[in-house]
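Step one of this worksheet: look at the structure below.
Chain letters run A, B, ... following the sequence lines, proteins first, then strands; residues in each count from 1.
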Amino acid sequence: MSDNNDKRIKEALESIEPAEGAKERMLANIKRKAAEQSETAREINSPEKMNMEENIKNVTVNASKESSENTVKVARINRIVRWAAPLAACLVLVLAGSLVIPRLLNNSGKTIGGNNVQIANPIVEVENADAIKNQLGLDIDAPKGAENVTYSVIMGQTGEVRFDLDGHNYTFRGSKETDIIIGLYGSEEKAEKLDTKKNAELTVLRSGEESYKMINWEDGKTKFVIANTDGASEDQIKAVFSKLN
Amino acid sequence: MQEIAVRNATNFEEFYERNWKFVYRLCFTYMGNQADAEDCTEDVFVKVFNKKIEFEDETHERKWLSVTAGNLCKDRLRSAARKEVCSIDDENTPEIAAPEAEDHSDVLQAVLELPAKYKDVIWLYYYEDHPTEEIAKILDRPSSTVRNQLRDARNLLKEKLEEMIRR
């Protein structure tokens, strides 16, 4: 084969160009796949260590025609594990519920006609902050000026308040009994200490073009986190934190 | 001997930055289309991400990636070929052929149409500029096998290129 053809082959291989955005897209997928594989490996290796209440799979129970109003959708709870920065480029925070879980419709523990499936609802909507306080002994509420406020209790341990404020949606969770899980993952872009007394820290995560922000802190033995995924600025989420404290 | 640990967040991103394109090109050489090439590229880096891989230097790093990517792509193609044949016990299991490629230059097209078994040799010889002895070490094959494969691959390419000229 001639030198000229050899050169053409080399040039042909070098002419292979990835599609636009492939670099960033692949990196995001790599982190996601690595997180999923690592999570699966942990589940396979030590199932006895897992808290099974934290791993409820997607179940849609279709009730019989006679009791169609009892259809319950149990949302998947993503158990996300926080990885220390040296271990991975993908920062995942350990908590107890996904930020984007759809709301549950009914009370827990019903036997659904036709399928006879007993399901524990991980997220239960409640009426107001008093309801959370009565169940969990936890003081948690939306800040002044918030709109479209909803209240929930997650896994019987975490109180959640969702609200809109100044054009952004926030998820605010608190718990006296457990670490709080919010299903966000991405590269840690920034970590900033805000308040040493309450051990408050702002974390900014980057996932592709999206940026997620959260502030977690402690008040005695109670842990709190406020999170935003729709582009609130650092100043805005800090302002929310100030209002809540 | 400098060890390049690839475990912490910053190192992985740097590792990815310096290697992603060549791994993609190698995977594309095997798979022949962007979607599969991206998929295979991702899986190569996931292997690094989840395992404690330590490289002696960047040359070692590159060789490891070349071999790993090649093996991963061949497995993927083999798996796709088996699905078409139905029985993996079939004695007539076809050789792994290149998938149908997108529109490319004639030369690239000819390379993409080569059987998968020749691609690692072609890649290491033409893209990585390794001599055959070095390729034999990298692929853990006898030098004579590497020389024969390279000769057969180049003959196939020559035929394809001449055929393209005739058209």
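Contact between A:P18 and B:Y24 at its shortest, heavy atoms only, is CA-CE2, 3.5 Å. Across all non-hydrogen atoms, the minimal contact from A:K33 to B:D43 is NZ-OD1, 3.0 Å. Closest heavy-atom contact between A:S15 and B:L108: OG-CD2, 4.1 Å. Taking every heavy atom of both residues into account, B:E42 and A:R25 meet most closely at OE2-O, 4.5 Å. The two residues A:L27 and B:Y16 come nearest to each other via the heavy atoms N-OH, 3.5 Å. For the residue pair A:A12 and B:V107, the shortest heavy atom distance occurs at CB-CG1, 3.6 Å.
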task: Apply salt bridge (Lys or Arg N to Asp or Glu O under 4.0 Å) to the pair B:E13 and A:K31, showing each step before the final yes or no.
output: CA-CA 11 Å; B:E13 303 245 1; A:K31 292 173 184 176; 2.9 Å; yes
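Other residues, nucleotides and ligands place more than 12 heavy atoms under 6.0 Å from the CG atom of B:D129. Dense packing is recorded around NZ of A:K243, with more than 12 heavy atoms of other residues, nucleotides or ligands lying under 6.0 Å away.
Atom CG of residue B:D39 and atom CG of residue A:N29 lie 8.5 Å apart, to the nearest 0.5 angstrom. Taking CD1 from A:I16 and CG from B:L112, the interatomic distance works out to 6.0 Å, rounded to the nearest 0.5 Å. Rounding to the nearest 0.5 Å places CZ of A:R8 at 12.0 Å from OH of B:Y126.
Proximity to chain A involves both the backbone and the side chain of B:F45, based on heavy atoms less than 4.5 angstrom apart. Neither the backbone nor the side chain of A:E11 comes within less than 4.5 Å of any heavy atom of chain B.
For the pair A:K23/B:E17, a side-chain contact is recorded, criterion being any heavy-atom separation below 4.5 Å from C-beta on. Two residues are said to be in side-chain contact when any heavy atoms from C-beta on lie closer than 4.5 Å; A:I9 and B:R154 fail this criterion.
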